[in-house]
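These notes are about the structure you will find just below.
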Amino acid sequence: MAIEALFFDVGNTLLFPSRDKMLQPLHARGVVPSEELVRSIERDVKQEFDAMMESQSAVDHGFWQMFYSRLLRDLGIQDDSVCADLVARTRTSANWCEIRPGTRESLLRLRERFRLAVISNADGKIAGILSRCGIADCFETITDSGIVGKEKPHPAIFEAALKSLRLNAEQSLYTGDVYSVDYLGSTAVGMQCGVP
């Protein structure tokens, strides 16, 4: 069956974190981790998280808890309240506000051939952030876990997104950044998926 629609994750796919907002609790302590350190830890934790998700039947949405626990450990900081603050900041859509140059233009080119939509684990406010970043109008629908009530990789959020476009899973391709959440979640409902 031919692909008719492309679905996109938001975080680390369409939009990226504002490091100033995300890491403010560290900056307030005079600690500014290098971008190289942050990216290295993110790569490592994604692999650990994927392995954990595949080996356990229970779904755990603790990626950011794992990420910030590791970052703080590597920085020599032991403070649970700082870790909790950092995790909370990643769950706030407004802090995912960095967009790469050319994103809108690429989406508009894709829209000439495919229907476009979003599936995001967010706080019910991701449509407003996409609008502020100038790309909300590129999508026919925006499915936000904060509204659906289920987060990826739960099948319900993918099914809600497919229903919003009145498409079968086989007619769609999903793009995200976390294997265990994006790839396993979307392919479990029959979608094709690309994860870098």
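In this chain, numbering begins with 1 at the start of the sequence shown.
- Smallest separation of non-hydrogen atoms from Ser120 and Ile157: O-CD1, 3.8 Å.
- Using a 4.5 Å heavy-atom cutoff, the side chains of Val10 and Ile129 are not in contact.
- Hydrophobic clustering of Ile, Leu, Val, Met, Phe, Trp and Tyr side chains at less than 4.5 Å, counting indirect connections, unites Trp96 with Leu71.
- For the pair Ile135/Leu15, a side-chain contact is recorded, criterion being any heavy-atom separation below 4.5 Å from C-beta on.
- The two residues Gly134 and Arg104 make their nearest non-hydrogen contact at O-NH1, 2.7 Å.
- Using a 4.5 Å heavy-atom cutoff, the side chains of Glu42 and Phe63 are in contact.
- Under the 4.5 Å side-chain heavy-atom criterion for Ile, Leu, Val, Met, Phe, Trp and Tyr, Val181 and Leu173 are members of distinct hydrophobic clusters.
- Here the side chain of Ser164 pairs a donor or acceptor atom with the backbone of Ala161 at under 3.5 angstrom.
- Of the inter-residue distances, the one linking Glu35 atom CD with Arg19 atom CZ reads 4.5 Å to the nearest 0.5 angstrom.
- Taking all atoms of both residues into account, the shortest heavy-atom contact from Pro33 to Leu37 is CB-CD2, 4.2 Å.
- For the pair Asp182/Lys152, a side-chain contact is recorded, criterion being any heavy-atom separation below 4.5 Å from C-beta on.
- Within the 3.5 Å criterion, the main-chain N or O of Met22 finds no donor-acceptor partner in the side chain of Asn95.
- Leu72 places a side-chain heavy atom less than 4.5 Å from the side chain of Leu26.
- For the atom pair CD of Glu159 and OG1 of Thr143, the computed distance is 12.0 Å after rounding to the nearest 0.5 Å.
- No side-chain heavy atom of Leu6 sits less than 4.5 Å from a side-chain heavy atom of Arg113.
- Linking ILVMFWY residues whenever their side-chain heavy atoms come closer than 4.5 Å, directly or via other members, places Ile41 and Met52 in the same cluster.
- Side-chain N or O atoms of Thr90 include one that pairs as donor or acceptor with a backbone N or O of Val87 at under 3.5 Å.
- In this structure the side chain of Leu23 reaches within 4.5 angstrom of the side chain of Leu86, judged on heavy atoms.
- In this view, Arg166 satisfies the salt bridge (charged side-chain N to carboxylate O under 4.0 Å, His left out) rule with no residue, not counting sequence neighbours.
- Val148 and Ile142 are not part of a single hydrophobic cluster, where members link through side-chain heavy atoms under 4.5 Å apart.
- The closest donor-acceptor contact from the side chain of Ser145 to the backbone of Ala122 lies under 3.5 Å.
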Report task. Would you sort out whether Leu165 and Gln171 count as a side chain to side chain contact (heavy atoms under 4.5 Å, CB included), showing the intermediate values? Result -> CA-CA 10 Å; Leu165 291 187; Gln171 297 170 286; over 6 Å; no

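- Thr13 pairs in a side-chain contact (heavy atoms from CB on, under 4.5 Å) with only one of the listed residues (Val118, Thr175, Thr103), which is Thr175.
- The distance from the CG atom of Asp20 to the CD atom of Glu98 is 8.0 Å, given to the nearest 0.5 Å.
- A donor-acceptor pair is defined here as one N or O able to donate and one able to accept, closer than 3.5 Å; such a pair exists between the side chain of Tyr174 and the backbone of Ile119.
- Put simply, CD on Glu170 and CD1 on Ile3 are 9.0 Å apart, with the number rounded to the nearest 0.5 Å.
- When all heavy atoms are compared, the tightest approach of Cys133 to Cys97 is SG-O, 3.8 Å.
- Looking at residues two or more places apart in sequence or on another chain, you find a salt bridge (charged side-chain N to carboxylate O under 4.0 Å, His left out) between Glu140 and Arg115.
- Smallest separation of non-hydrogen atoms from Leu167 and Ala5: CD1-CB, 3.3 Å.
- Using a 4.0 Å cut-off between charged nitrogen and carboxylate oxygen, Lys46 and Asp50 do not count as a salt-bridge pair.
- At distances below 3.5 Å, at least one donor-acceptor pair connects side-chain atoms of Asp144 with backbone N or O atoms of Lys125.
- Residue-environment remark: CD (Glu36) stays at or below the threshold of 12 foreign heavy atoms within 6.0 Å.
- Within the structure, the ring pair (Phe, Tyr, Trp, His ring centres under 6.0 Å) test picks out no pair touching residues 107-128 (sequence neighbours left out).
- Using a distance-only test at 3.5 Å, with no hydrogens or angles considered, no donor-acceptor pair links the side chain of Arg91 to the main chain of Asp123.
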Report task. Take Leu110 and Phe8 through the test side chain to side chain contact (heavy atoms under 4.5 Å, CB included) and record every step on the way to the result. Result -> CA-CA 12 Å; Leu110 288 170; Phe8 292 87; 3.9 Å; yes

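- Ala136 and Ala127 make their closest contact through CB-O, 4.0 Å (heavy atoms, listed as atom of the first residue, atom of the second, distance).
- One finds the CG atom of Leu162 at 9.0 Å from the CZ atom of Phe158 (value rounded to the nearest 0.5 Å).
- Distance alone, capped at 3.5 Å, places no donor-acceptor pair between the Asn121 side chain and the Glu151 backbone.
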Report task. Take Ser81 and Asp79, measure what side-chain hydrogen bond (donor to acceptor under 3.5 Å, both in side chains) needs, and give me the verdict at the end. Result -> CA-CA 5 Å; Ser81 65; Asp79 189 326; 2.5 Å; yes

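- Follow the hydrophobic side-chain contacts under 4.5 Å out from Trp64 and you never reach Ile126; the two are in separate clusters.
- Once rounded to the nearest 0.5 Å, the distance linking CE of Met191 with CZ of Phe7 reads 4.5 Å.
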Query raised in the report: Can you check side chain to side chain contact (heavy atoms under 4.5 Å, CB included) on Met53 and Leu184, steps first, answer last?
Result: CA-CA 10 Å; Met53 291 284 282; Leu184 294 180; 5.7 Å; no

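- No more than 12 heavy atoms of other residues, nucleotides or ligands lie within 6.0 Å of CD in Gln78, so this atom counts as exposed by the packing criterion.
- Between Val82 and Tyr68 the shortest side-chain heavy-atom distance does not fall below 4.5 Å.
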